[in-house]
A.B. asks: 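Dropping the structure in here first, questions after.
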Amino acid sequence: MNEPSFEFLEGLNDAQRQAVDHHVGPLLVVAGAGSGKTRALTHRIAHLIGHHGVDPAEILAVTFTNKAAREMKERLELLLAKKLANAQFGQPWSTLPTIEQRQLRQRIYTEITKELWIGTFHALFARLLRFDIEKFTGAEGLRWTRQFSIYDETDAKNLIKEIVTQEMQLDPKRFDPKKIRWSISRAKNQGFLPHHLAEKAQGRIDELTAKAYKLYRNSLAANNALDFDDLLLLPVQLLKQNVDVRDYWHQRFRHILVDEYQDTNQIQYELIKLLVTNGNEPSSFKNWKDRSIFVVGDADQSIYSFRAADFRILMGFQADFGDKSLDTTTSTMVKLEENYRSTSNILEAANSLISHNTERIEKVLRATRAEGELIKLTKCDDEIAEAEAIVHRLRMINAANPEVRWGDMAVLYRTNAQSRAIEESLVRWGIPYVVVGGLRFYDRREIKDILAYLRLLINPADNVSLLRVMNVPKRGIGKTTIQRLTDAANQLSIPLWEVVSDAEAVRSLGGRSSKGLLEFCELINFLNSHLVSSSISELIQLVMEKSGYISGLIAEGTDEAEERRRNLQELVNAALQYQEENEAADLEGFLASAALASDADNKDTQIDRVTLMTLHSSKGLEFPIVCLVGMEQGLFPSYRSLDDPASLEEERRLCYVGLTRAKERLFLTHATERRVWGGMREAALPSIFLSEIPEELIQGDVPLSGGTSLRRERNLERQTRIDRNYIQNKALEPNNIPKNAVRRKHPGPSAGKNWSIGDKVIHKSFGLGTISHIFGEGEKISIAVKFDGLGPKILDPRLAPIELHECE
C-alpha cells in the first residue's frame, strides 16, 4: 500500500479527478445535488494514503451525521481492500473467497481506518476532550476531568429548571426554563460565555438569563458534566487558551476534510480555523507544506438556518483560505456539476428555480441521463383531494410497473401536519408506508395527549389515559402523589378516576398536589358537560383551550412548539373531515378511526413502504418517484418567509432540495383551497415557485376525481364553500363548470385604479386590513393582507370576499 498509485483516480469525471488529486493547500468543492461528492471524499482519502503516503492518523474527516461517517468508513475500507486484493493476490476482489475478503477488510481496518478520525463535529471533539480537557480551566476557574459525563437535552432542561425554580427562586411561568435553555444554547453556539451575556444585557430577563447561564455552567462543572453544546464550545476555549495543546492538534491533523460545509455554524467554523491555521488569520496563513483543508458543500442546499447553520461561511471560503480569483481562473475551487441522479427535465427545472436566488455560487447541474418524463402538476380541490390524487397516482404506477416497489416512492411536504391526510388515504387503500424524520401523525406526543383526554371522557376507567393527562400541562401533581392515588385505587379495586374525582380522597392523599388535582377534576367535569352538545371538533378545541395546552405552546414560543401547535390544528381539521364524511359522527367512531390510522401495519416488518417525510428530512436521500405536495403561497413558501427576502431564498433552496431528490419521475400538487385553523376553508394560491419552473417542462393535470367528487361518491351532504358556489351559480351549466372554477363575486378598485400596497380593505370575515404585498401582475395578481389581530392572509382579490375601504 506504500507504493504511489493513481488507481483511485480511475472512474472519476474530470472535476472529481481534479478534486481527488488535490494534495496540499485549500480547496472548496462546490458539489451539486447527485454529483458524487461522497465518492470524491472517499477517493480523496484513499488517494492521500495510497498515492501520497499520508499517515491515516493525520487525517480528520468531518461528516454531518453519524450515518454518513459509518458509510464513509465502509466505502473507504472496501476501496482500499480492493486495491490490496490486486497487490496481494494478483486478482480482482470479486473473485476472492468470502473469508479472504473478510481478512483483507480486517487488515485495512487495523492498519488504516482505525487510525482515521471520521465523525461528526460533536463526536470528534468529544474525543479530543477525552485527551486534553484536564489542561483547560474555565474563565470562572471551572475544571473538568477526562471522565466527564455528557448530559442529553432532558438532563440539561431538568438542571436549568431546578436552577431557575430552586436556586434563583423565579416563577417558571414568567421565566420559562425552556426559553432560558434555548437562550443559553444559542449563546454557546455563538461562542459566548455568561459574562458576555451580562455585558450585553438590555433588561431584567437578559440579566437573569446571564445569571442562570453562570449557575448552570457551575452546576455542570460540579457534576463533571458537559451538555451537547459544550462539546464544541470547550474545545474552542481550550485551543485558544493552551498554545501547546493547539500546536499538538495542528501538527497532528495535517489533512482536514469537511462535508456539508454549508451547514456549519460559527463555533464549528472557529474549530476548523484553529486546527488549520494554529490560531492565525486564515487569509494570512501560508504554511501549506504537507497540509490541506478540503471542504465540500453547496450553498444552494443550505436549509438549516434554524439550527444556526450559516451558508455564508461556505461563501466566504475563497476570501478566508482561497486565492480570491474568479471562478473561471481559481485554483482553490472545483465545481462538481455532472449529476448522476436525475433526468434532464428534472434538473432543468431545478436549475431554473434556484437561479432566482441571489446569494449563491453560480453553477448549472448537467444531466448524465436522458430527458425523461415531463414533471406532472396536479391541481386539486383541497387537501383531501390532494391526498387521494397522490395515492391514486402511486397505485397506478405500482399496477403498471411490477418492477417499481412502494419503497421507490416518496411524498415530501413542508410541515409535519400535512402528513395526516396522506396517511389516512394510504391506510384507506391499504398501502404500506413509513414516516421518516418524525412520528406518524397520530403517534405524535401532542396528538396522543389530546386523544387521551377524549378517551378519558368516554371511558373514565381508562387508567392509562388518565395517568397520561393528569399532569399535562403541568399542574404541580407530583409522582409521589400519583403513586399514593394509584395504590389506593388498586387496594380498593376501583378505577383510578373514582379516587381522583373524590374531593375528600384528594384532600386526604393529595397533600400539596390537592389544588392541581381538584382543578383537573373541574376541567374533566366541565368537558363532560359539553360531551353531548358539542361536535367532535368543538370538543377538541375545548380540550386544547380549557386545559391550557395551546396557551402553553404559544407562551413557549419556540419553533418546536409552533410545529406542535400546527399539528393540533390539523387534529381539528381531521375531526371536521370525519364529521363531513360521516352523518352519524360520534366521538367513539372518531377515536376508533384514529386508532386504526395509528396502528395500521404496525406489526408489518417489511421495508417496502412509501416514504413520507418533510423536505428538511429528505436532504441527502433520493427516490425514483417523488411527490412534492402543498405547493401553495403561505404554505410553501411559508408565511414567515414572505416579509424576509433571505428567508424566501432559504425556502427556495428547500424546494430545490425537494426537486433534486427525484431520479425518474416528479409530481407536484397544490390545492385551490385548504382548511385552516378553526375549520375555515380558505382559497389557496399556487406557490410562486411553480412559476419559476419553465412551462415546457410541466404537464398540467386537473384530476377528474377531486375532493368534491370524492364526497359525492361517498354520499356526503356537506360541501365546501367552493362546492356550494358551483350549485348556486345558475348562469353556468353544471357540465361545463371547470372542477376548480369560482366566479368573481366581489368588486375590486374602481375603473382606472389598481390594487396598491397600503390600500385598506374590508373582508367579510376578517374585518379591516391593509395590503402589505402584491404578487404577480395583470389579471393574475394575488395580495397579502394584514388584518388586525390576525397573521398575514394571502388572497386572490377576484375571489376573496373583500372590498376596497375608501377612507373619508
Side-chain angles (χ1 to χ4, degrees), residues 1-32 34-63 68-89 92-94 104-105 107-119 124 252-261 272 275-276 288-297 317 321-323 330-338 340:
M1 296 279 310
N2 295 326
E3 295 182 8
S5 169
F6 289 96
E7 184 178 344
F8 301 112
L9 301 181
E10 295 175 4
L12 304 177
N13 64 40
D14 290 343
Q16 290 173 333
R17 190 176 297 110
Q18 184 182 348
V20 170
D21 199 29
H22 172 81
H23 182 204
V24 296
L27 188 70
L28 165 63
V29 179
V30 180
S35 62
K37 70 179 180 67
T38 304
R39 182 177 175 84
L41 280 163
T42 52
H43 278 251
R44 172 173 172 76
I45 295 174
H47 192 62
L48 284 172
I49 297 168
H51 178 70
H52 295 291
V54 172
D55 185 343
E58 296 179 349
I59 297 175
L60 177 78
V62 186
T63 61
R70 289 192 300 270
E71 290 177 352
M72 187 179 293
K73 288 178 183 177
E74 290 170 1
R75 287 194 189 192
L76 185 61
E77 280 182 9
L78 183 59
L79 200 58
L80 293 170
K82 286 181 177 179
K83 180 179 186 296
L84 189 57
N86 280 323
Q88 184 168 323
F89 297 102
W93 168 265
S94 58
L104 287 179
R105 292 195 70 156
R107 180 180 167 187
I108 293 297
Y109 168 77
T110 303
E111 296 179 2
I112 297 177
T113 54
K114 184 180 178 181
E115 297 299 314
L116 291 166
W117 280 43
I118 299 179
L124 293 173
R252 166 71 181 272
F253 296 127
R254 294 183 171 274
H255 296 277
I256 296 176
L257 302 89
V258 186
D259 191 12
E260 304 288 6
Y261 194 61
I272 294 299
L275 289 180
V276 171
W288 292 107
K289 178 177 171 55
D290 298 326
R291 176 177 296 283
S292 69
I293 173 65
F294 182 93
V295 302
V296 182
F317 182 89
F321 296 101
D323 56 17
T330 179
S331 62
T332 55
M333 180 170 68
V334 174
K335 296 179 183 179
L336 304 186
E337 297 176 294
E338 288 188 56
Y340 297 92

A.B. asks: Side-chain contact, heavy-atom cut-off 4.5 Å: I108 with L104?
C.D. replies: no
A.B. asks: Below 4.5 Å, heavy atoms only, C-beta onward: do H43 and R75 meet side chain to side chain?
C.D. replies: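 No; the side chains remain at least 4.5 Å from each other.
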A.B. asks: Could you report the tightest heavy-atom contact between W288 and P26, atom names first, then the distance?
C.D. replies: CE2-CD, 3.8 Å
A.B. asks: Check this for me: does any side-chain nitrogen of one of R107 and E111 sit under 4.0 Å from a carboxylate oxygen of the other?
C.D. replies: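 A salt bridge is present here (some side-chain N lies under 4.0 Å from a carboxylate O).
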A.B. asks: Do V276 and F321 come close enough that some side-chain heavy atom pair is under 4.5 Å?
C.D. replies: yes
A.B. asks: Over all heavy atoms of both residues, which pair between T332 and G322 is shortest? Give the atoms and the distance, please.
C.D. replies: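 Heavy atoms of T332 and G322 come nearest at OG1-CA, 3.4 Å.
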A.B. asks: I'd like to know if the side chain of T330 pairs up with that of D323 as donor and acceptor (distance under 3.5 Å, no hydrogens or angles considered).
C.D. replies: yes
A.B. asks: Quick one: closest heavy-atom pair of A61 and L124, and the distance?
C.D. replies: O-CD1, 3.7 Å
A.B. asks: From E71 CD over to T42 OG1, what is the distance, rounded to the nearest 0.5 angstrom?
C.D. replies: 11.0 Å
A.B. asks: Could you tell me whether the side chain of M72 reaches within less than 4.5 Å of the side chain of I45, counting heavy atoms only?
C.D. replies: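 Side-chain contact under 4.5 Å: yes.
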A.B. asks: Apply side-chain contact (heavy atoms from CB on, under 4.5 Å) to the pair V29 and M333, showing each step before the final yes or no.
C.D. replies: CA-CA 6 Å; V29 179; M333 180 170 68; over 6 Å; no
A.B. asks: Just jot down the side chain to side chain donor-acceptor pair (under 3.5 Å) partners of E77, sequence neighbours excluded, or say none.
C.D. replies: T113
A.B. asks: Who pairs with K82 by side chain to side chain donor-acceptor pair (under 3.5 Å), at least two apart in sequence or on another chain?
C.D. replies: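 If we apply the side chain to side chain donor-acceptor pair (under 3.5 Å) test to K82, skipping adjacent residues, there are no hits.
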A.B. asks: Calculate, to the nearest 0.5 Å, the distance between atoms CG and CZ belonging to L84 and R105 respectively.
C.D. replies: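 Here the rounded value is 12.5 Å.
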A.B. asks: For a side chain to side chain donor-acceptor pair (under 3.5 Å) with D21, tell me which candidate from Q16, H47, R44 qualifies.
C.D. replies: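 When side chain to side chain donor-acceptor pair (under 3.5 Å) is applied between D21 and each of Q16, H47, R44, only H47 qualifies.
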A.B. asks: If you take all heavy atoms of I272 and I256, which pair is closest and at what distance?
C.D. replies: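 Closest approach of I272 to I256: CD1-CG2, 4.2 Å.
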A.B. asks: Report the distance from atom CH2 of W117 to atom CG of L257, rounding to the nearest 0.5 Å.
C.D. replies: 15.0 Å
A.B. asks: Of the non-hydrogen atoms in V296 and K37, which two are nearest, and what is the gap between them?
C.D. replies: CG1-CB, 3.8 Å
A.B. asks: Mind checking the CZ-CG spacing from R39 to L79? Nearest 0.5 Å is all I need.
C.D. replies: 8.0 Å
A.B. asks: Measure across A40 and V20 and return the closest heavy-atom pair with its distance rounded to 0.1 Å.
C.D. replies: O-CG2, 3.5 Å
A.B. asks: Please answer whether the main-chain N or O of V24 pairs with a side-chain N or O of H22 as donor and acceptor at a distance below 3.5 Å.
C.D. replies: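 The answer is yes, because a donor-acceptor pair under 3.5 Å joins these two groups.
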A.B. asks: Are K83 and F8 packed together at the side-chain level, in the sense that at least one heavy-atom pair is separated by less than 4.5 angstrom?
C.D. replies: yes
A.B. asks: For L28, which of V295, V334, I293 qualifies under side-chain contact (heavy atoms from CB on, under 4.5 Å)?
C.D. replies: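 Single pass found, and it is V295.
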A.B. asks: Mind checking the NE2-CG spacing from H255 to L60? Nearest 0.5 Å is all I need.
C.D. replies: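 With rounding to 0.5 Å, NE2 (H255) is 12.0 Å from CG (L60).
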A.B. asks: At what distance, to the nearest 0.5 angstrom, does CD1 of I59 lie from CZ of F294?
C.D. replies: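 Rounded to the nearest 0.5 Å, the CD1-CZ separation comes out at 11.5 Å.
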A.B. asks: Determine whether L78 and W93 make a side-chain contact, defined as any pair of heavy atoms from C-beta on separated by less than 4.5 Å.
C.D. replies: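 Yes. Closest side-chain heavy atoms under 4.5 Å.
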